[in-house]
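Counting convention: from 1, in listed order, for ligands and their atoms alike. What you see below is based on every heavy atom in this structure, not just the backbone, and it leaves out hydrogens, waters and symmetry mates.
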Amino acid sequence: MSGDGGESGTTARWVEKHSPLYVQATRHPFICRIKDGSVNISAFRRWLAQDYLFVREFIPFIASLLLKASKESDVDVVLGGIAALNDEISWFRKEASKWGISLNVVPQMANLEYCRFLQSLALPDVNYSVAMTALWAIETVYHESFSFCLESGSKTPDELMEACRRWGNTDFGQYCCTLRKIADRCLETSSGDVVTQSEEIFIRVLNFENDFWNMSLSEL
Ligand SMILES: Cc1ncc(CO)c(N)n1
């Protein structure tokens, strides 16, 4: 991370400033239980089906960012994100069939609310910096969470390794790093009002992610 501004940008300051919330979202009991091998497989199954629904809603949100991006290099990065989602959708279907899980499930409340939030962020009048901050935060929570389960000494069950590698791998980490740099660059030239809005969105993403993990752990 050194030398790329990762420690000094606006997003890094927010991670520091809101670290209890950030840690709650990225070191959630659901993730800790995957890492220590004690996760209940029914929780993983619930997470998988719900996350598929989330990712379906994620597509129009990223597409809205593609429309808002003006810098050629930003367009390339967002387009790469869309391409990765195409692969991700196939992975969910393959994984669901492997586990015998139906993806045709009812979205739970925490998921519905998170999806509604994504829809509101995809509106044309939402500022590019605000939406980019959200994309960075959403992807980064997953990377930080799942890469934690890959650290040496982890007891992550073999059958969950593929899911952890999907978001925990270093290429995905690189993608998150690129998103962070784009967000930081945008925020540097944004108005104070937009910066405030972006910070609020960051906090909301962390809360939504926490609720999503809670939902995955809950018995109903
Ligand atoms: C809830 C949630 N947050 C983030 C990601 C990362 O794409 C995901 N797949 N699902």
For this session: Sequence neighbours left out, what passes side-chain contact (heavy atoms from CB on, under 4.5 Å) with Val75? Give chain and number order.
Result: Leu66, Ala69
Exercise. Is it true that a side-chain atom of Ser129 and a backbone atom of Ser190 form a donor plus acceptor pair closer than 3.5 Å?
Worked result: no
Problem set entry | Arg166 to Phe172, cation-pi by 6.0 Å centre distance and 45° axis angle | no
Do [X] and [Y] pair up side chain to side chain, a donor and an acceptor below 3.5 Å, judged on atom types alone?
{"X": "Tyr114", "Y": "Asn207", "result": "no"}
{"X": "Ser102", "Y": "Asn104", "result": "no"}
{"X": "Asp36", "Y": "Ser38", "result": "yes"}

Please tabulate, one line per pair, the protein nitrogen or oxygen atoms found under 3.5 angstrom from a nitrogen or oxygen of ligand 1, with distances to 0.1 Å, or say none if there are no such pairs.
residue  : atom   : partner : partner atom : Å
ligand 1 : 3 (N)  : Glu209  : OE1          : 3.2
ligand 1 : 3 (N)  : Glu209  : OE2          : 2.6
ligand 1 : 7 (O)  : Glu139  : OE1          : 2.7
ligand 1 : 9 (N)  : Asp51   : OD2          : 3.0
ligand 1 : 10 (N) : Asp51   : OD1          : 2.6
ligand 1 : 10 (N) : Asp51   : OD2          : 3.4
ligand 1 : 10 (N) : Tyr142  : OH           : 3.2

